[in-house]
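Down below is the structure, laid out as structure tokens.
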Amino acid sequence: MDVTHILDSLNNEQRQAVTTDNNRVLVLAGAGSGKTRVLVHRVAWAIQMFGISPYSILAVTFTNKAAAEMRGRIENLLTIPSAGLWVGTFHGIAHRILRAHSELANLPKGFQILDSDDQLRIIKRILKDHQIDDGKWPAKQAQWFINNKKDEGLRPQNLDSQDDPNEAQWINIYDLYEKVCLQSGLVDFAELLLRAHEVLLNNSEILDHYRRRFRHVLVDEFQDTNSVQYAWLRLLTTDRNSLFIVGDDDQSIYGWRGAKVENIQSLQKDYTGIEILRLEQNYRSSGNILHAANKLIEKNPDRLGKKLWTESHDGDPVKLYTAYNERDEARFVVDSIQQWIEEGNCRKECAILYRSNAQSRVIEEALLMENIPYRIYGGMRFFDRAEIKDALAYLRLVSNQLDDAAFDRIVNTPPRGIGEKTLQSIRAMALKEGISFWDAMNIIIEFESIPARAVKALAGFKSVMDELIVFSESATIDELLISAMSQSGLLAHYQKEKGEKGRSRVENLQELVSAAKQFQQEDEADLAEDEEFADLDPLSVFLAYTALESGESQSDPGDDNVQLMTLHSAKGLEFPLVFIVGLEEGLFPSERSVAEPSRLAEERRLCYVGMTRAEKQLVLTTAEHRRLYGRETYPIPSRFLRDIPENVLVEVRPRAMVSRPVISSTSYQEDDESADYQVGQLVTHATFGDGILVSYEGSGNHARVQVNFDQVGMKWLVLAYANLQPA
DNA sequence: CGCGTCGTGGTTTTT
DNA sequence: CCACGACGCG
């Protein structure tokens, strides 16, 4: 078979990784070195060259987006069908395993997935039910505690409070939470992984089955794996399985949510003879940008060591702009983008990256002012919207009447006269008898143990649900959804809601119906292709899909928008022009990380990730004043700026205007003609009156100043004509 | 039950 | 500063 097309486009390092005979491989791949490419080609190589069945391959990533991309690229390379190939996220695969072996996992057949929102609600309810003081044990923190322990593979019974009553209470909450989930047939995200691991661990036939099936396991973004995920991989791969791992310790930015970079070291210990290959040639950034990023990351201790190089030219130096304040910073970024566009480039080639979401606001305002369209990444997921979750909760309760979380959500949504009092009776009975809310409701209706009006309201709800349950036997998912939305009055409820908000909610509900329809046609068929999953209940599978998939697949890449996102969400992306804003101590690195070396190192990696997103131009900004939480702050420039060598960094703000030099510098010197004016200075204009000079651009006769006038607000003036007088 | 007021807290995010 | 959640009133 001709396999040259698989190798043709690869460099030597990449080719070596793709074709190595070793069945344990760790590829340390720097940013922009083609790491996913290597993984994809390795799969194609194995299939086409050695005739390995796609059936025996498991490729794992972290996000649905990455998994979809990987699958697409593999299919493009292959000349044969990829049937049976498992490409997915850790969570998706764990979920499939649990569905296939729900009895062994001790889960009801129609178990459902709990998203973090539902999880928090359940915890809040537990705290209420058991009169635990929310002030001393906040629900958010309990959630964090539980998820952390699960990520570490720890159950309540594995935990020891060491006689610390505080700790004992956390463990107690965790324990109560587990019982509620189990009783309701609910599984949270961390539980998916942990329970799948336990199923494999405790059932040797199942474990053997998957070990034999997945002879070839490949993992992308390995530096993001947590303890359970690693244990899971360990369990699945014996010395008869091949393991191909791609990762970059310098891009580990998720330590705060349980990711363990140390897993890369463990790998070398646990898999003897593992071959380590490095991909160091970068195909993304021009020389100066890469050099700056290399120098920055060099400052981190305990790196596995990698030095990226490129064949491309030096390109532009990295630019640094010291803004007067956050609005000046935003204005500078927007001006630069306008200039970029005037030079004939696209808006979508520009990305503005920030450390925290709150920073986007000022930038948005500046973009709006200039009518530049933009898109913010990482907002709310489609399936997380309240109206969508309401509609889905009806389906969840239809599918599984034990689901107390779903019951709780919709019993009075839309409002139907079931108040707090009635709910209290239901909860109290459920808690006392150890039964579900649904069953408790039925008993209360039967014995009419509450006021007649409340009984009537409950009975109304029950009859809607009963009808839906009957209808679900014969209906498709989209039919059931339409029926649920109209019978319950949910659609009418949102249709009544006035304004833009109500309109978009109704639209979203309609969108949900089409998503269900589409799912029924496509995804379900995909799953049935695998005989192990052919007999799954379609409704449960659809509901799981809505929990695991963000629903953002239909983004419109065609639109030419400036891209705004956090540094975290920029990972894996690339843009010709990148701005990283807010490079100030306390903001980036964030205040909460500076005291701890390991967290500081992670911040530095985050900065490295941001910088290596840039292809042609990288612009960094820092502000001398920043309004933060309503207070004016005077931050000092980020330490990361000092790590960038001067010979690749250019300050684009005239020196005369910098009230405090950021970087001692041989960089770029404007003539000092206009040094009469300082930012912050009071000035007077013949028609506008008094104001404060807040910002400055250019030099000499072309210089423009921005003045905030007491009477007329912010104005841009050309210094040469403005005839300003110091006030 | 819906709306208004007061109070508080406020990295990063995927599944 | 501003967004969101907890309370209380009509």
Side-chain angles (χ1 to χ4, degrees), chain A residues 60-67 88-95 113-121 124 128 134-135 138-141 144 147 150-151 187-194 196 221 224-226 228-229 252-259 326 353-362 377-381 383-384 386 412-422 457 493 496-498 544-552 565-572 582 586-594 596 599-600 602-603 605-607 609-610 626-633:
Chain A
V60 203
T61 62
F62 282 83
T63 65
N64 291 302
K65 198 169 142 208
T89 63
F90 278 99
H91 290 87
I93 289 159
H95 169 245
I113 299 173
L114 208 55
D115 66 31
S116 21
D117 206 61
D118 300 330
Q119 185 184 38
L120 191 62
R121 280 160 173 269
K124 280 186 177 156
K128 269 222 176 77
D134 187 275
K140 271 257 164 62
Q141 233 164 298
W144 188 84
N147 290 335
K150 288 193 182 187
D151 285 345
V187 169
D188 62 50
F189 289 126
E191 183 75 25
L192 283 171
L193 301 172
L194 183 52
E221 304 278 19
D224 291 336
T225 50
N226 66 27
V228 177
Q229 286 158 340
S252 160
I253 55 174
Y254 287 115
W256 52 275
R257 64 176 199 210
E326 73 281 353
L353 312 182
Y354 34 82
R355 177 66 238 267
S356 87
N357 287 306
Q359 289 170 261
S360 74
R361 201 191 170 103
V362 195
Y377 265 78
M380 177 158 271
R381 307 179 335 149
F383 292 121
D384 277 349
N412 199 37
T413 313
R416 48 171 74 89
I418 299 169
E420 192 51 34
K421 204 87 193 168
T422 310
H493 171 70
K496 266 197 308 233
E497 202 176 4
K498 50 209 171 311
Y545 163 84
T546 64
L548 289 175
E549 194 90 26
S550 68
E552 253 216 277
M565 67 193 85
T566 63
L567 285 143
H568 281 91
S569 23
K571 196 169 96 166
L587 192 59
F588 191 24
S590 95
E591 195 179 357
R592 306 156 97 119
S593 65
V594 287
E596 224 180 297
R599 301 186 67 183
L600 184 64
E602 185 157 306
E603 293 283 305
R605 292 194 291 268
L606 187 58
C607 189
V609 166
R626 184 176 297 274
R627 221 175 162 74
L628 216 58
Y629 302 142
R631 296 199 95 77
E632 191 74 4
T633 61

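Note that the coordinates shown come from a computational prediction; the quantities given were computed from them, not determined experimentally. Residue numbering restarts at 1 for every chain, and letters A, B, ... go by the order of the sequence lines.
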Under 4.0 Å, counting only non-hydrogen atoms across every strand here, what does [X] touch: a base, just sugar-phosphate, or nothing?
X	value
A:Tyr629	base
A:Ser116	base
A:Arg631	nothing
A:Glu603	base
A:Asn357	sugar-phosphate
A:Ser356	sugar-phosphate
A:Asn226	nothing

Separation between the C1' atoms of B:dT14 and C:dA3, rounded to whole Å: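 Approximately 24 Å lies between the C1' atom of B:dT14 and that of C:dA3.
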
Can you tell me how far P in B:dT12 sits from the matching atom in C:dG5, rounded to whole Å?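 16 Å, rounded to whole Å.
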
Of all the heavy-atom pairs spanning A:Asp115 and A:Phe189, show the shortest one and how long it is.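 Where A:Asp115 meets A:Phe189 most closely, the heavy atoms are CA-CE1, 3.7 Å.
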
For a quick test of reading the model, state the closest non-hydrogen atom pair linking A:Asp188 to A:Lys150 and the distance between them.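 Distance-wise, the nearest heavy atoms are OD2-NZ, 2.7 Å.
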
Whole-Å gap separating [atom2] ([N]) and [atom1] ([X]):
X	N	atom1	atom2	value
A:Glu591	B:dT12	CD	C1'	15 Å
A:Lys150	B:dT15	NZ	P	19 Å
A:Phe90	B:dT14	CZ	C1'	13 Å
A:Lys65	B:dT13	NZ	P	13 Å
A:Leu114	B:dT14	CG	P	18 Å
A:Asp151	B:dT14	CG	P	16 Å
A:Asn147	B:dT13	CG	P	17 Å
A:Lys571	B:dT13	NZ	P	13 Å

Would A:Trp256 pass as stacked on B:dT12, i.e. its ring centre under 5.5 Å from the base's six-membered ring centre and planes under 30° apart? yes

With A:Arg257, which residues qualify under side-chain hydrogen bond (donor to acceptor under 3.5 Å, both in side chains), at least two apart?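 Listed in chain order: nothing, the list is empty.
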
The residue, A:Leu548 or A:Arg355, whose nearest nucleotide of DNA chain B is more 5′ is A:Arg355

When you match A:Glu420 and A:His568 each to their closest nucleotide on DNA chain B, which lands nearer the 5' end?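 Result of the comparison: A:Glu420.
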
I'd like to know if the side chain of A:Thr89 reaches the main chain of A:Asn64, judged simply by a donor and an acceptor atom lying under 3.5 Å from each other, with no hydrogens or angles considered.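 No; judged by distance alone, with no hydrogens or angles, the pair does not exist.
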
Any donor-acceptor pair under 3.5 Å from A:Glu603 side chain to A:Val594 backbone: no

Under 4.0 Å from a heavy atom of chain A: give me the 5'-most and 3'-most nucleotides of DNA chain C that qualify.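 On DNA chain C, the outermost contacted nucleotides are C:dC1 to C:dA3.
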
To the nearest 0.5 Å, how far apart are CZ in A:Arg355 and CG in A:Leu567? 7.5 Å

Under the salt bridge (charged side-chain N to carboxylate O under 4.0 Å, His left out) test, residues paired with A:Asp118 that sit two or more places apart: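 Salt bridge (charged side-chain N to carboxylate O under 4.0 Å, His left out) check on A:Asp118 returns A:Lys389, A:Arg396.
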
Would you say A:Asn64 places a side-chain N or O within less than 4.0 Å of OP1 or OP2 belonging to B:dT15? yes

Phosphate OP1/OP2 of B:dT12 contacted by A:Thr566 side-chain N/O (<4.0 Å):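 Checking B:dT12 against A:Thr566, no side-chain N or O comes under 4.0 Å of OP1 or OP2.
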
Does A:Asp117 pair with A:Arg381 as a salt bridge, N-O distance under 4.0 Å? no

